[in-house]
Number of protein chains: 2
Amino acid sequence: MDTASGKRPVTIREVAERAGVSISTVSHALSGRRPISAATKARVREAAAELGYDPNPNARSLRTGRSGLVGLILRPRYAVAGTPDRAETFNRLVGSIATEMLRHKTGLIHVPDLHDPAVASVPMDGCIVAHPYGGDTALAELLGRGLPVVTVEEDPEQPDLPWAVRLDYPPVVEALLNHLNDQGARDVLLLSGTEDNAWNRRPREAYLAWCKRRGLPPRTALLSEGLTQRDVPELVQPLLSGPDRPDAIVVATSDFAPLIAEAAAAQGLRIPDDLLLAALTDSEHARTSSPPITAMDLTHEALAERAVELMLARLSGAETPAGPVFLTPELRLRESTRRRD
Amino acid sequence: MDTASGKRPVTIREVAERAGVSISTVSHALSGRRPISAATKARVREAAAELGYDPNPNARSLRTGRSGLVGLILRPRYAVAGTPDRAETFNRLVGSIATEMLRHKTGLIHVPDLHDPAVASVPMDGCIVAHPYGGDTALAELLGRGLPVVTVEEDPEQPDLPWAVRLDYPPVVEALLNHLNDQGARDVLLLSGTEDNAWNRRPREAYLAWCKRRGLPPRTALLSEGLTQRDVPELVQPLLSGPDRPDAIVVATSDFAPLIAEAAAAQGLRIPDDLLLAALTDSEHARTSSPPITAMDLTHEALAERAVELMLARLSGAETPAGPVFLTPELRLRESTRRRD
DNA sequence: CTGAAAGCGCTAACAA
DNA sequence: TTGTTAGCGCTTTCAG
């Protein structure tokens, strides 16, 4: 077998010549889109097989206007630029979308860079945009092109776009806050991330609403998802000292939770005895920290499954749904918020 | 803004009309591949921006013969079909290849099904094939087409293909076996997977060589990667009972290690006291099992990085390397093989 | 049942 | 510096 690279691909014309038919007959014999005599069909198939013919996907797509491919854009910048610690979330989402797409035998393209003109654009029939920002520019660009888009989580400024899978944060955040309250917390500090997406906005809104309902003064601060492991302790230190320190912390970024636990320990604060600690996304870090840290699992696998389902339905011409699909994050209660009664 | 879907895309012709120039001028003004007067260039850019022009990637690729996209095929069947437990390995490899590709601003396509004629083939300039089988058919197919291929781990029957990133198993497997021996193991059982790939073959070869060198009778058995959690205990049970039970087990599939530990416990065997246990791939299961299980980390991130590097070099016309790139798996020694001295 | 030919949108060779 | 045009490989009318 010739394994040299750069071999000129076999075209439909060569197959036609070999089979002694016209190229349109080859096309139809192979696609079965019009009746071809059994004999001819057999001859064509044989010729195609012998030559190792594989239809040029670009030519086909150019002609038909469809590539059969779905794009994926993961918006949060720290997903890619981040440390290995941030990788679990990225890997889970990317891995499960890829898995779902493979299950449906549909090609998935990771879209490299929508805006950079130096980067070739990709032939996609539709695009999944994961975790868009508020007023997301990439999302707007794709919608502007008229490309079918499905989002994983909503653009917080366009919460009602129907082609979306959303997470229903409020009940879960409330359940968490009630749980903290039950365990004795009276002064809960929320440390949100700085990415302006649903994952930061919605829980924050739910927190503020909860505080208001309870007549408690909200306490919030920001902790950028882009911080390194080293940055966190010194930023958190001041929040833990002084007489008005909170008795519970809810931190968005799961990887930072163990660091906060350490910083607390350095101040002589025990978890959960002196400080309750919870995170708004789950990770191995949180699970294996000591003590294990209560966290919200965003159910990336389920998000992926539904998003792929939506996209394929949409590409098959399904009607616009009445509204987004809602999934509920799962609260994983662990020792960090459970006091010995 | 019109966000209706199914909008007809803007073509180069419309941009040309709007800018009052020919289509080739548009093409060249935008690509900069030939000198265009500043005034014209500006006019063209403006027209393109106003219309929201985005060059049709299929037309471009058809013409140029290149798509700028790299394919990815992950061969092990259980990677996709497997249980969620098998997901960590898949996710890590897929996630890190995707990350590397994004870093290089090059599109990555998950190839859905190379053989199914009903599935459209994808426009890729090259393809990364991960964990090929011995005499891998997909690999052969791609090589037959003359497509540039880089493999993550070698096809065990074509170990010398230069465009490959390989894992150097023998020294690590030997180190593990020596370690087990040091800890008192005299009768090591190897439980390989049933997938005929390098990850199963090479460690097995290393094990047999090690036994031979030491004059020990090898003991091996198979435990398919496709087994469910429930299947494993009853299959393992018989191996653990009887007077000739091994005093150490090396199991390929990491997720099975904790199950083996449980089965052992059910027989009254303590780990590591009565039985040493190690796995040939790492996972959270192994890390968080009790006791934590010694495992070989295949360094998927490093494999991904080098594979992407190789592929991009190859597509840029780099010369064929003298041989494969070798990486060394990392041995993570944990309690399951460490006896209190 | 089969063939001829148009044309998808773009790039690049060739002309001017 | 710019325009005209061939043609990448395929699908799909339209003729036969």
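In what follows, chains are A, B, ... by sequence order, proteins preceding strands, each numbered from 1. Everything quoted here is computed from the prediction, not taken from an experiment.
- The side chain of B:S22 sits closest to D:dG3 out of D:dC8, C:dG3, D:dG3.
- Of all nucleotides listed (C:dG3, C:dG7, C:dT11), C:dG7 comes nearest to the side chain of A:R63.
- Heavy atoms of other residues, nucleotides or ligands lying less than 6.0 angstrom from CZ of B:R201 number more than 12.
- Residue B:R60 has its side chain nearest to C:dC10 when only C:dC10, D:dG9, C:dT2 are considered.
- Backbone-only engagement by B:S37 is indicated by non-hydrogen atom pairs under 4.0 Å involving sugar-phosphate atoms exclusively.
- Atom CZ of A:R43 has more than 12 heavy atoms from other residues, nucleotides or ligands within 6.0 Å.
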Step by step, work out the salt bridge (charged side-chain N to carboxylate O under 4.0 Å, His left out) result for A:R8 and A:E14.
-> CA-CA 12 Å; A:R8 200 179 49 71; A:E14 300 169 55; 3.1 Å; yes
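- With C:dA13, C:dC8, C:dC1 as the choices, the nucleotide that has an atom nearest any side-chain atom of A:P35 turns out to be C:dC1.
- No N or O donor and acceptor, one from the side chain of B:R13 and one from the base of D:dG3, sit under 3.5 Å apart.
- Taking atom CG on B:L30 and atom C1' on D:dT2, their separation rounds to 16 Å, with Å as the unit.
- Here A:S27 reaches the OP1 or OP2 of D:dT11: one of its side-chain N or O atoms lies under 4.0 Å away.
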What do the steps show when you test B:H110 against B:V94 for side-chain contact (heavy atoms from CB on, under 4.5 Å), and what is the final call?
-> CA-CA 9 Å; B:H110 297 267; B:V94 166; 3.4 Å; yes
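- A:R43 has its CZ atom 12 Å from the C1' atom of C:dC1, to the nearest Å.
- The CZ-C1' distance, from A:R33 to D:dC14, rounds to 17 Å in whole Å.
- Not a single donor-acceptor pair, N or O on each side, falls under 3.5 Å between the base of C:dG9 and the side chain of B:R8.
- Distances were taken from every side-chain heavy atom of B:A59 (C-beta onward) to each of D:dG3, C:dG9, D:dT12; the shortest belongs to C:dG9.
- Nucleic acid contact for A:T40: sugar-phosphate only, since backbone atoms but no base atoms lie under 4.0 Å from a heavy atom of the residue.
- Within residues 45-56 of chain A, the residues having any heavy atom closer than 4.0 Å to DNA chain D are, in order of number, A:Y53, A:P55, A:N56.
- Taking only distance into account, the side chain of B:S24 meets the base of D:dG3 through a donor-acceptor pair shorter than 3.5 Å.
- Using a 4.0 Å cut-off between a side-chain N of Lys or Arg and a carboxylate O of Asp or Glu, A:R145 and A:E141 qualify as a salt bridge.
- Distances were taken from every side-chain heavy atom of B:R34 (C-beta onward) to each of C:dA13, C:dG3, C:dC10; the shortest belongs to C:dA13.
- A salt bridge links A:E195 with A:R77: at least one charged nitrogen is closer than 4.0 Å to a carboxylate oxygen.
- Closest-nucleotide positions on DNA chain C for A:A38 and A:I23 were compared, and the one nearer the 5' end corresponds to A:A38.
- One finds no salt bridge joining B:D125 and B:R66 here, because no Lys/Arg side-chain nitrogen approaches an Asp/Glu carboxylate oxygen to under 4.0 Å.
- For A:L62, the side-chain atoms get nearest to C:dC8 when compared with the rest of C:dT11, D:dG3, C:dC8.
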